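Read through the structure below, which is laid out as C-alpha cells, and then see the notes.
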Amino acid sequence: MSEKTPYYITTPIYYPSGNPHIGHCYSTLACDCVARMKRMQGYDVMFLTGTDEHGQKIEKKAAEEGVTPQEYVDGIVANFKKLWETLGISYDRFVRTTDDYHVKTVQNVFEKLYKDGWIYKSSYTGKYCTPCESFWTESQLVDGKCPDCGREVQDASEEAYFFKLSHFAPQLRELLLDEERGFLNPKSRVNEMVHNFIDPGLQDLCVSRTSFKWGIPVTFDDDHIVYVWLDALTNYVSALGFMNDTYNDYEKFWPADSHVMAKEIVRFHSLIWPAILMALGEPLPKKILGHGWITFGDGKMSKSKGNVVNPFVPCERYGADALRYDLLREMPFGSDAPYSNEMMFNRINSDLANDLGNLISRTVAMTIKYFGGTLPVDKDFRDSDEELLSMTDALPSFVEETFEGLRFSEGLDRIIRVVARANKYIDENEPWVLAKDEANKPRLAAVLYNLLDTVRRCAILLSPVMPHVCPEIFEQIGACECCTTWEAATKRHALKADVTVTKGRILFPRIDVEKEVEELEALSKPARELPEEPMKDITVFDNFASLDLRAVKVLSCERVPKSDKLLKFIVDDGFGERQVLSGIAKYYKPEEMIGKTLAMIINLAPRKMMGHESNGMILSVRDGDKFRVIEFDDSIKPGADIS
C-alpha cells in the first residue's frame, strides 16, 4: 500500500491492585500478535495498553501498605511494564489514568455530557461490590452476591451523578443485533447483552462517587470524583488526544479497529462505551472482541483465589516465545482455556520440539551433509511436491483471517499441520536414499529446497507469535530480509536458488516433563521464613493468667502531635473508658480505627509516652515490615474476656 492505512488496536487497561500474572497476559499477547501482523502487512499501527489506577480498592490497598495511592500504583505499574518487556509486547503507547492528559480528557468529557443534559445529579441506594467497583440492584444479584465475581456486596447510599444510559437502549439493541456489522464478537456475547441487560431494562449509570477520594475530581462539584467506567473507558480516546493537547492522533486512528478484552468486561464495552460515544456524537469502535479466561484448577485465575501463575518463571526457563505460543495456541476464541505447566510442556514438546524444531534441524543438517550447506541451482521439481506446496499456499490468507479475529488456536493449528506434512514429505522422499546416487542430486536439491521454503513461509506467519525465535529460523535457513515479509509468505520458492544454510542452536529443546513439573512445584513453594522475633524463654501458665486480655471498642482516635508513630485512642473496655497509645500511625489512619473492636491488655501499669498517659496495650501482629491490629467483628462486646 502506497500510503499506510491506520490500524488501531487496544487491550483493556489493567487494574493494578496487585502484581500481574499469566491471567493478565492473553489480551495483551493477542493484541501484540495482531499489531505485529498488521505492521508486517504495511499498516500504520497504533497499539495501546495501560493501567486503570483509580478507585476505592486502590485507595484501600494503599492505606494497608502505608503509602499514598500514587506510590502504590507506581510500583505495580512498573511490574506490568517489566512483564510486557519480558514477553516482547510491542505497544506503541501506554496510558495511565493518572496521566495529566487523561485527567483533562475525562474532566472535559464529563463537563460536556453534563452541559448537554446526558448527566444529572441524584442519589443512589443499592448494593455495591468493592472488588468490581460496580453497583447492583437486588434483582441483579446471584444468591445475594455480585453476579460478576461472586463476592459479598454491601448496602450503599450516596449522592451521585448519573449518565442517562437507559436512553440509549434501543440504539444499543439495534447495534448489537446488526449481524452485518458484527460489532460484538463472539456472537454468544450478543445474546447475553441483549437478553440479560437491555431487555430487562437498562438502568442509568452512576458516574461519580463521594465516599472516597482517589479519583479524578468533577470540576464543577468539589464533593464528587468521576466514577470508574467513565474514567477508564475514556482512555481509548484520551491516548489519541481527544479533548486534550498532549496528542494529536484522534482523527487519524479513531474509530478503533479492535477493542480486545476478557469476557467479564464485555458488558461495559458493548453497552456503556458505545452509549457514551453516542452522547458525545463520536464514531463507535468497529469491533469489540471478548475472549475467554485462562483458567487454573477450579476457575478463573485470580489473586483472590490464590491460583495465579508467575509468568516470569516460564519466560526465564523456556523463553518468552514458548509461553506466547502456548497461551495463544490453547485458547479457542470465545471459550476458556485451562493452564497448567504440564500442558504447556507437552505443547512445547509436540508442536515446537517434535514438529517445527525437528523439521528445521533435519533440513539444515541434511543440506550441510549432502551439499556442504549451499544448494545447487539445478533442481528437479515434481508433481508429487504439489500437496505440500498447495497446503502452504493456502496458509497466509487463513492465518490472517484467524489472527485478526483472535482465532489464534485455529491459525496455529493449521501452520503446525503444514509443518507435520513437511516432516512426512521427508519420509516420503527419503533424502538419505537420494543422496546415494549422484544422478538424484537435482531431485535431492529440490526436496531440500521445498522443505527450506516451507519453513520460511511458516516462520513468517509465526513471527507475530514468536518474534524472538523466528529471526533465528530465518538465519539458519538462509532467508534474507526481502523474502521474510508478510507478502513473501504468499510466494512459492522465494528463497535464493543457491541458498546457504547455517547450523545454529537447537531452538526448541525437549522438556523432561516429569522433572520440570517437580522443579516448578518446588520453586512455587514459598521458603519457610523464621519469625522476625526470636522465641522467648519457657514460662509458666500463671504468668499468662496474670494478664487481663479484653475486647475493647474504639470510641475515638487521633494522632499524637509531634509523633510519627503514635495514635491516641479512647476505648470502651466494658467497665468504662480509658486512654491508650499505640505505635501504629504508619499503618493506620485515625479515622479508620473508630468503631473497630480490638484486642487489648488492660491491666498493665500506666506509662507516659510523649507526655500522654497510656493505660494498657493494643495487641498487634507483625507482618513483614508492618503491624496489623487484632480485630473482632461487631458481635464481640466491649469487655469480653480473651483466653
Side-chain angles (χ1 to χ4, degrees), residues 321 325 348-382 384-393 395-396 412 414-438 440-463 465-466 468-484 488-489 491-510:
D321 282 5
Y325 179 86
I348 292 171
N349 283 345
S350 63
D351 288 11
L352 301 184
N354 293 353
D355 288 343
L356 181 59
N358 190 39
L359 175 63
I360 295 166
S361 62
R362 291 173 79 188
T363 305
V364 169
M366 287 188 291
T367 304
I368 292 172
K369 180 177 180 179
Y370 302 136
F371 294 105
T374 301
L375 291 181
V377 174
D378 186 23
K379 298 181 181 69
D380 176 15
F381 295 107
R382 298 182 182 176
S384 58
D385 301 333
E386 188 61 28
E387 183 180 346
L388 173 63
L389 299 180
S390 295
M391 282 183 71
T392 313
D393 289 344
L395 270 182
L412 293 172
R414 187 70 63 87
I415 293 172
I416 295 301
R417 284 193 210 175
V418 170
V419 169
R421 183 66 188 86
N423 277 310
K424 183 181 177 184
Y425 177 83
I426 294 176
D427 297 333
E428 290 170 345
N429 286 278
E430 299 180 313
W432 50 90
V433 174
L434 293 173
K436 292 178 180 178
D437 188 342
E438 191 67 28
N440 291 330
K441 285 297 180 75
R443 178 57 189 158
L444 175 60
V447 168
L448 293 176
Y449 184 85
N450 283 335
L451 291 167
L452 290 170
D453 204 54
T454 298
V455 170
R456 174 190 67 85
R457 299 171 78 183
C458 288
I460 291 171
L461 303 177
L462 285 169
S463 292
V465 178
M466 299 193 293
H468 307 91
V469 171
C470 286
E472 291 190 65
I473 297 175
F474 296 138
E475 184 178 352
Q476 290 192 22
I477 65 172
C480 59
E481 191 174 330
C482 64
C483 66
T484 58
K491 302 185 186 308
R492 286 188 184 185
H493 296 168
L495 277 175
K496 288 173 58 178
D498 57 347
V499 62
T500 298
V501 302
T502 304
K503 184 175 175 59
R505 70 180 181 94
I506 297 174
L507 299 175
F508 307 105
R510 277 190 59 80

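Just so it is clear, the structure is predicted and the values come from calculations on it, not from any experiment.
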Rounded at 0.5 Å granularity, tell me how far [atom1] in [X] sits from [atom2] in [Y].
X: L388; Y: T454; atom1: CG; atom2: OG1; answer: 4.0 Å
X: I415; Y: L461; atom1: CD1; atom2: CG; answer: 5.0 Å
X: K503; Y: K369; atom1: NZ; atom2: NZ; answer: 12.0 Å
X: N349; Y: N354; atom1: CG; atom2: CG; answer: 6.0 Å
X: E472; Y: D321; atom1: CD; atom2: CG; answer: 9.0 Å
X: N429; Y: S384; atom1: CG; atom2: OG; answer: 5.5 Å

TODO: With salt bridge (Lys or Arg N to Asp or Glu O under 4.0 Å) as the test, would you mind laying out the steps for R362 and D427 before giving the verdict?
DONE: CA-CA 11 Å; R362 291 173 79 188; D427 297 333; 3.3 Å; yes
Would you call [X] and [Y] a side-chain contact if the rule is heavy atoms closer than 4.5 Å?
X: R457; Y: L395; answer: no
X: R414; Y: I416; answer: no
X: L452; Y: L375; answer: yes
X: L356; Y: L462; answer: yes
X: R510; Y: I348; answer: no
X: P442; Y: K379; answer: no
X: F474; Y: C483; answer: no
X: V501; Y: Q476; answer: no

Which heavy atom of [X] sits nearest a heavy atom of [Y], and at what distance?
X: L451; Y: A422; result: CD2-O, 3.5 Å
X: K491; Y: R456; result: O-NH2, 2.7 Å
X: V499; Y: G478; result: CG2-O, 3.5 Å
X: L495; Y: I477; result: CD2-O, 4.2 Å
X: T484; Y: C480; result: CG2-O, 3.4 Å
X: A489; Y: P396; result: O-CG, 3.4 Å

Open item on the list: Which residues pass the ring pair (Phe, Tyr, Trp, His ring centres under 6.0 Å) test with F508, not counting sequence neighbours?
Closed with: none
- [ ] Start with the C-alpha distance between Y370 and L434, add both sets of side-chain angles, then the distance that settles side chain to side chain contact (heavy atoms under 4.5 Å, CB included), and finish with yes or no.
- [x] CA-CA 10 Å; Y370 302 136; L434 293 173; over 6 Å; no
Task: Matching residue for I426 among V447, T363, L448 - test: side chain to side chain contact (heavy atoms under 4.5 Å, CB included) - done: T363
Task: More than 12 heavy atoms of other groups within 6.0 Å of E475 CD - done: no
Task: SB check R417 D351 (cutoff 4.0 Å) - done: no
Open item on the list: Under a 4.0 Å threshold between the charged nitrogen and the carboxylate oxygen, would R443 count as salt-bridged to D385?
Closed with: yes
Open item on the list: With no hydrogens and no angle check, just 3.5 Å: does a side-chain donor-acceptor pair link D453 and H493?
Closed with: no
Open item on the list: Between S390 (side chain only) and E387 (backbone N and O only), is there a donor and an acceptor less than 3.5 Å apart?
Closed with: no
Open item on the list: One pair to check against salt bridge (Lys or Arg N to Asp or Glu O under 4.0 Å): R421 and E428. What are the steps and the verdict?
Closed with: CA-CA 10 Å; R421 183 66 188 86; E428 290 170 345; 3.2 Å; yes
TODO: Would you kindly check if the NZ (Lys) or CZ (Arg) of K441 is within the cone defined by 45 degrees around the ring axis of F371 and under 6.0 Å from the six-membered ring centre?
DONE: yes
